[in-house]
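For reference, the structure discussed in these notes is given below.
Letters A, B, ... mirror the listed sequences (proteins, then strands); counts begin at 1.
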2 protein chains.
Amino acid sequence: MNDGDKTETSRNCFTCQSRGRTEWCVLTDDELALVDQGKISRQYLPGDVIFHEGDECHGVHCIESGLIGIRKMDAAGNEILLRLNHPGDTMGYRSFLAGNDHNNSAEALEPSVICLVGGGTVRSLLEKNPTLGLRFLKHAAKDLDDAEEKVLQSTTSPVRARFAHLLLVLKDRYGVTDEDGALDLELPLSRQDMAAMIGIRPESMSRTIRSFEEDDIAHFSGRRVHVARIEDLILELEHSTEL
Amino acid sequence: MNDGDKTETSRNCFTCQSRGRTEWCVLTDDELALVDQGKISRQYLPGDVIFHEGDECHGVHCIESGLIGIRKMDAAGNEILLRLNHPGDTMGYRSFLAGNDHNNSAEALEPSVICLVGGGTVRSLLEKNPTLGLRFLKHAAKDLDDAEEKVLQSTTSPVRARFAHLLLVLKDRYGVTDEDGALDLELPLSRQDMAAMIGIRPESMSRTIRSFEEDDIAHFSGRRVHVARIEDLILELEHSTEL
DNA sequence: AGGCCGCCTTGACCTCGGTCAAGTGCCTGC
DNA sequence: GCAGGCACTTGACCGAGGTCAAGGCGGCCT
């Protein structure tokens with residue numbers, strides 16, 4: 001919560017390394033210039049909060065680099081990690097478009113550079129270029145899919161299956177698969193945060209890891225994970241019912 | 001699954017009783033005429049399936065009347081009821097826009113009349129009238145909110161709280177609140193389906209109902225529910241942690 | 001160095017909700 | 001009328017995961 005040490009930086013949308021991955025890639029140069037003018041760029045350190053649940057929504061955040069966790073809390077103070085956002089992802093477009101306050105919070109998990117594109121800018125771009133709206137729509141559609149999938153999982157699958165699923169998802173971005181089906185994974189998350197992602201307590205996370213070790217499904221040392229046979233993880237998924 | 005007895009009917013978008021509630025209300029008369037031509041209207045009986053998970057998505061469904069349940073199933077055959085859709089709601093816009101197959105299924109819970117607006121029609125309308133896209137976007141934003149809320153609830157709240165929450169949601173549409181805080185509710189759902197909505201088994205639903213009766217929180221007879229003090233339901237929500 | 005703090009692990013215990021099996025009441029079809 | 005089916009309820013049992021309390025381990029501070 002050290003809101004003080006966020007450093008303003010001056011970046012350029014045209015040279016942004018993540019440009020190709022953003023929704024903004026459908027914009028013309030003129031339109032992109034608008035974004036470039038209307039944005040504020042900032043650096044965040046791990047633990048820094050980009051916005052809080054309940055904060056007023058002033059525009060849309062675009063991740064240039066780093067890793068962001070989207071968290072949501074309930075009345076009782078239980079917190080879960082809804083998803084991870086990566087360079088090129090746009091955050092907060094949803095609350096912005098719906099005209100709501102933010103309904104979840106965003107926290108840097110790694111040192112990150114994030115641009116805030118002001119509300120006025122976004123609105124005028126949406127008018128100028130309807131394709132942009134459709135891009136956001138597709139994005140929302142995907143997020144919705146993921147969320148519904150997660151609802152289903154969290155009520156029907158046991159913890160082992162959910163954890164296996166998490167590892168398989170992380171594999172795509174953080175894993176290296178070698179030719180004979182073995183997998184090496186460098187986790188971007190603490191155990192606590194992994195627990196928060198599948199909606200369990202840290203203690204249960206520890207126990208689940210241990211049980212994977214005991215069953216020789218995966219081996220953990222710090223944030224490095226080695227899985228000898230990926231199929232074992234996939235098997236875990238179906239293990240919800242022991243057919 | 002009696003796909004045979006779906007009756008085709010001939011309805012008119014201009015006189016549709018639900019018109020004002022749909023996303024389509026932003027259309028001009030000309031555009032609406034397009035929808036009217038390009039639609040196929042059908043009647044469904046309770047239990048009839050409008051579309052299945054995995055079905056190809058040919059367009060967008062619009063509910064004229066009735067009640068639809070959106071279900072999703074996992075690999076092990078566990079099914080949950082993600083949400084209810086009412087007259088004026090549009091279904092399947094998401095898979096359609098994302099270009100995917102349907103990723104959940106829709107089943108009539110009451111006799112319903114539903115129009116299918118063909119993909120071509122929708123696409124050309126989106127081009128003609130960008131506002132329509134923004135309406136869908138807002139809709140998606142709300143669905144996403146609800147879904148994320150549900151993820152949180154299903155991992156953090158105990159069954160009693162989730163059930164209380166469900167009753168409070170149903171209240172808005174199916175309840176009558178009298179002056180002194182008492183609530184009468186006519187449930188649109190079977191116990192099984194209520195169980196599916198909060199991700200539990202029918203047996204647990206029964207037990208939860210009984211425990212509400214024993215605590216004098218609510219009284220059930222068939223699908224009629226009487227709640228003497230709504231505050232009791234609200235209290236249940238926070239009861240996740242006994243502060 | 002020593003001490004502190006946060007992350008992680010472990011064990012003992014308990015509870016909520018799932019599972020299995022049986023029983024009831026209602027509705028439909030013969 | 002009776003039989004079968006389905007939604008719902010109930011009881012007995014059990015196990016996954018939460019809770020509480022106690023350490024271990026490493027990083028960072030003075």
Side-chain angles (χ1 to χ4, degrees), chain A residues 1-2 45-47 69 74 76-81 107 109 153-164 166 187-215 219-225 236 239-243, chain B residues 1-2 45-47 69 74 76-81 107 109 153-164 166 187-215 219-225 236 239-243:
Chain A
M1 307 253 175
N2 38 353
L45 292 177
D74 70 8
N78 301 303
E79 206 176 38
I80 64 170
L81 194 43
E107 178 193 321
L109 302 178
Q153 272 215 0
S154 60
T155 53
T156 64
S157 305
V159 166
R160 279 175 67 112
R162 307 218 296 274
F163 184 45
L166 174 61
L187 299 172
L189 294 171
S190 68
R191 321 253 145 167
Q192 296 191 96
D193 282 340
M194 287 196 294
M197 282 213 79
I198 58 178
I200 61 173
R201 307 282 150 194
E203 295 96 320
S204 296
M205 184 77 263
S206 272
R207 282 187 254 273
T208 308
I209 287 176
R210 182 155 40 117
S211 82
F212 273 28
E213 296 260 5
E214 285 166 358
D215 297 353
H219 293 273
F220 297 78
S221 92
R223 292 191 173 189
R224 314 218 97 241
V225 188
E236 263 324 300
H239 236 279
S240 14
T241 27
E242 198 98 358
L243 295 180
Chain B
M1 309 252 172
N2 37 356
L45 293 176
D74 71 6
N78 302 302
E79 206 176 38
I80 64 169
L81 193 44
E107 177 192 322
L109 301 178
Q153 271 215 0
S154 60
T155 53
T156 64
S157 305
V159 165
R160 278 176 68 112
R162 306 218 297 275
F163 185 44
L166 175 61
L187 299 172
L189 294 172
S190 67
R191 319 256 145 161
Q192 295 191 97
D193 282 340
M194 287 197 294
M197 282 213 79
I198 58 178
I200 60 173
R201 308 280 150 195
E203 296 96 318
S204 296
M205 184 78 261
S206 273
R207 283 187 253 273
T208 308
I209 287 176
R210 182 152 43 117
S211 82
F212 272 29
E213 296 260 5
E214 284 164 358
D215 297 353
H219 293 273
F220 298 78
S221 90
R223 291 191 173 191
R224 313 218 96 241
V225 187
E236 263 324 301
H239 237 279
S240 16
T241 27
E242 199 96 358
L243 293 179

- Query: Are the side chains of A:Arg160 and A:Asp215 in touch, meaning some heavy atoms are under 4.5 Å apart?
  - Reply: yes

- Query: What's the CG-C1' distance between A:Leu189 and C:dC7, to the nearest Å?
  - Reply: 14 Å

- Query: Picking from C:dT19, D:dT9, D:dT19, which would you name as closest to the side chain of A:Glu203?
  - Reply: D:dT19

- Task: Scan B:Ser190 against the nucleic acid and name what it touches under 4.0 Å (heavy atoms): base, sugar-phosphate only, or nothing.
- Result: sugar-phosphate

- Note on the structure: Whole-Å distance, A:Ile200 CD1 to D:dG18 C1', equals 11 Å

- Compare the minimum distances between each of C:dG17, D:dA7, D:dG17 and the side chain of A:Val159, then state the nucleotide with the smallest one. D:dG17

- How long is the line joining CG of B:Asp193 and P of D:dA7, in whole Å? 9 Å

- Message: Using OP1 and OP2 only, check whether a side-chain N or O of A:Arg207 sits under 4.0 Å from C:dT9.
- Response: no

- Taking for A:Thr155 and for A:Pro202 the nucleotide of DNA chain C with the nearest heavy atom, the one nearer the 5' end belongs to A:Pro202

- Message: Nearest whole Å is fine: how far is C:dC7 P from A:Leu187 CG?
- Response: 16 Å

- Item | Exercise: identify the closest heavy-atom pair between A:Asp193 and A:Leu81 | O-CD2, 3.6 Å

- Protein-nucleotide distance (A:Arg201, atom CZ; C:dA12, atom P), rounded to Å: 22 Å

- Separation of C:dG17 atom C1' from B:Arg210 atom CZ, nearest Å, is 14 Å

- Using atom CD1 of A:Ile209 as one end and atom C1' of C:dC8 as the other, report the distance to the nearest whole Å. 9 Å

- Query: Is there a donor-acceptor pair under 3.5 Å between the side chain of A:Arg191 and the backbone N or O of A:Pro202?
  - Reply: no

- Task: Please work out whether the ring planes of A:Phe163 and A:Phe212 are parallel, tilted or perpendicular, with thresholds of 30° and 60°.
- Result: tilted

- Query: Shortest non-hydrogen contact from B:Ile200 to B:Arg162?
  - Reply: CG2-NH2, 3.7 Å

- Task: Determine: side-chain N/O of A:Ser206 to OP1/OP2 of C:dT9, distance under 4.0 Å, yes or no.
- Result: yes

- Item | Short side-chain N/O contact to D:dT9 OP1/OP2 from B:Arg191, under 4.0 Å | yes

- Rounded to whole angstroms, how far apart are CE on A:Met194 and C1' on C:dC8? 11 Å

